[in-house]
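Take a look at the structure set out below.
The sequence lines fix the lettering, A, B, ..., with proteins before strands; numbering per chain opens at 1. Owing to the predicted nature of the structure, the values given are computational and were not obtained by experimental measurement. The analysis underlying the following values was restricted to heavy atoms, covering all of them including side chains, and did not include hydrogens, waters or symmetry mates.
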Amino acid sequence: MEVVAVIDFETTGLSPAQGDRATEVAAVIVADGQVVDRYQSLMNAGVSIPPFIEALTGISNAMVRSAPPAAQVMREIANFVGDYPLVAHNASFDSKFWDAELARTTRTRRQDFVCSLLLSRRLLPQAPSHKLGALVEYANLPVAGRYHRALADAEMAASLLLRLTDELRERHQLPHVSVELLRKLQRVPKHQIERCIARERGG
DNA sequence: TGCCAGGCCCTCTTTAGGGCCTT
C-alpha cells in the first residue's frame, strides 16, 4: 500500500453544519506497514465544550483555551499530511470536519478519504461491532492510549487499516493492496464483496 | 414555530423505518 495519513478529530458534537467545532486533531503517517510520523494538537475554536463531550474525551474548556488557534492547527496538519490519501474511521464524520475547519483557512482538501469503518464492515463482517474500540479488541490490536483522544484513535485506526490490508493479502490472497483498491472495495455493495475480491484476484 | 447530522445498511424494502457509527 502507498503511504497514507490516518486522521482523527475530537469535536464539540456531531455536525459542523449545526455549529460544532473541532477541539483536537491528529494524523499518523503509515508507510511500509508501520506508523512512521505523528502530528497531534489541541485547537482553540473559541467555542464551549458541552459537559457530555468533556466527559467523553477528557478535553476541557481550559485545555482548548490555552491551545493554538484552530486555523493555525489546520494549516499545520494540512502541511503535515500533504497530498497523502486520508484515512479515517467513519470518514463521513472526519471529512465533514476536515472540510469545515480547512474552509476557515485559505486551504482546500486535495485528496479523497478512505473509510476504515466501511472496509471493516466488508472485510471483518463477523466482528460483533464495528466501533473502533470493539474492532481493536476483536482483532487483538494494541490499545494506543485513551479512547476519544485524537492521537490514540488515529494510531488505533492505523493499526486497523494495516490489519485490513493483511486480511486482503493473507485470507483473500491479493498480493498488491493499493489505496485505489481500498477506495473501490469500500464502495462495493456488501453482498457483492466476495465476488468483487475474487475478480480482483483473478485479473 | 419548532425542528435540529447524515451516510450506510438491513429488512417484515424500494410509495420506509430504524440501528449503527462518528463527537
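Using modelled atom types, one side-chain atom of A/Asn61 and one backbone atom of A/Ile49 make a donor-acceptor pair closer than 3.5 Å. Under a 3.5 Å cut-off, the side chain of A/Ser15 and the backbone N or O of A/Ala17 do form a donor-acceptor pair.
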Residues 25-38 of chain A side chain polar contacts: donor-acceptor under 3.5 Å, at least two apart:
| unit_1 | atom_1 | unit_2 | atom_2 | d |
| --- | --- | --- | --- | --- |
| A/Arg38 | NE | A/Glu155 | OE2 | 2.4 |
| A/Arg38 | NH2 | A/Glu155 | OE1 | 3.4 |

Run the side-chain donor-acceptor check on residues 80-88 of chain A: report pairs under 3.5 Å with partners two or more places apart or on a different chain.
| unit_1 | atom_1 | unit_2 | atom_2 | d |
| --- | --- | --- | --- | --- |
| A/Asp83 | OD1 | A/Arg110 | NE | 2.9 |
| A/Asp83 | OD1 | A/Arg110 | NH2 | 3.2 |

Pairs under 3.5 angstrom only: tabulate donor-acceptor contacts from the side chains of residues 187-195 of chain A to other protein residues two or more places apart or in another chain.
| unit_1 | atom_1 | unit_2 | atom_2 | d |
| --- | --- | --- | --- | --- |
| A/Arg187 | NH1 | A/Arg183 | O | 3.2 |
| A/Lys190 | NZ | A/Arg121 | O | 3.4 |

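Sorted by first and then second residue, the salt bridge (charged side-chain N to carboxylate O under 4.0 Å, His left out) pairs with a member in residues 5-29 of chain A read A/Arg21-A/Glu101, A/Glu24-A/Arg149; sequence neighbours excluded. Each salt bridge (charged side-chain N to carboxylate O under 4.0 Å, His left out) pair with one or both residues in residues 63-80 of chain A, not counting sequence neighbours, would appear here, but there are none. Legend: side chain to side chain donor-acceptor pair (under 3.5 Å) pairs involving residues 135-148 of chain A, not counting sequence neighbours, sorted by first then second residue: A/Gln126-A/Tyr138.
Rounding to the nearest 0.5 angstrom, the gap separating the OG atom in A/Ser41 from the CD1 atom in A/Ile77 is 8.5 Å. The CD1 atom of A/Ile7 sits 5.0 Å away from the CG atom of A/Asp94 when rounded to the nearest 0.5 Å.
The residue A/Ser129 sits close only to the backbone: its heavy atoms come under 4.0 Å of sugar-phosphate atoms, none of a base. The residue A/Arg21 sits apart from the nucleic acid: no heavy atom pair falls under 4.0 Å.
Contacts of residues 134-165 of chain A with DNA chain B (heavy atom under 4.0 Å): A/His148, A/Asp153. Within residues 8-16 of chain A, the residues that place at least one heavy atom under 4.0 Å from DNA chain B are, in residue-number order, A/Asp8, A/Phe9, A/Glu10, A/Thr11, A/Gly13, A/Leu14, A/Ser15. Against DNA chain B, the stretch residues 58-72 of chain A makes no heavy-atom approach under 4.0 Å. Contacts between residues 110-118 of chain A and DNA chain B, counted as heavy-atom distances below 4.0 Å, involve A/Leu117, A/Leu118.
For the pair A/Leu102 and A/Thr108, the tightest heavy-atom approach, listed with the atom from each and the gap, is CD2-C, 3.6 Å.
Ring geometry for A/Phe97 versus A/Phe9: interplanar angle of 30 to 60°, hence tilted.
Listed by chain and number, the residues in a side-chain contact (heavy atoms from CB on, under 4.5 Å) with A/Asn90 are A/Ser92, A/Phe93, A/Leu117 (sequence neighbours excluded).
Between A/Glu200 and the options A/Gln173, A/Lys184, A/His176, A/His172, a side chain to side chain donor-acceptor pair (under 3.5 Å) holds for only A/Lys184. No option in A/Leu185, A/Val6, A/Leu119 other than A/Leu119 meets the side-chain contact (heavy atoms from CB on, under 4.5 Å) test with A/Val114.
Annotation: B/dC4 and B/dT23 have their P atoms spaced 23 Å apart (nearest Å). Nucleotides B/dC9 and B/dT14 place their C1' atoms 14 Å apart, quoted to the nearest Å. Comparing the C1' positions of B/dC12 and B/dG17 gives an interatomic distance of 11 Å, to the nearest angstrom. With P as the reference atom, B/dG18 and B/dT13 are 14 Å apart, rounded to whole Å.
Reading DNA chain B from its 5' end, the first and the last nucleotide to sit under 4.0 Å from a heavy atom of chain A are B/dC4 to B/dT23.
Place A/Gln18 and A/Lys190 on DNA chain B by their nearest nucleotides, and A/Gln18 ends up nearer the 5' end. Of the residues near DNA chain B, A/Lys131 and A/Pro189, the one whose nearest nucleotide (by heavy atom distance) lies more toward the 5' end is A/Pro189.
Taking a cutoff of 4.0 Å between a charged side-chain nitrogen and a carboxylate oxygen, A/Asp166 and A/Arg163 do not qualify as a salt bridge.
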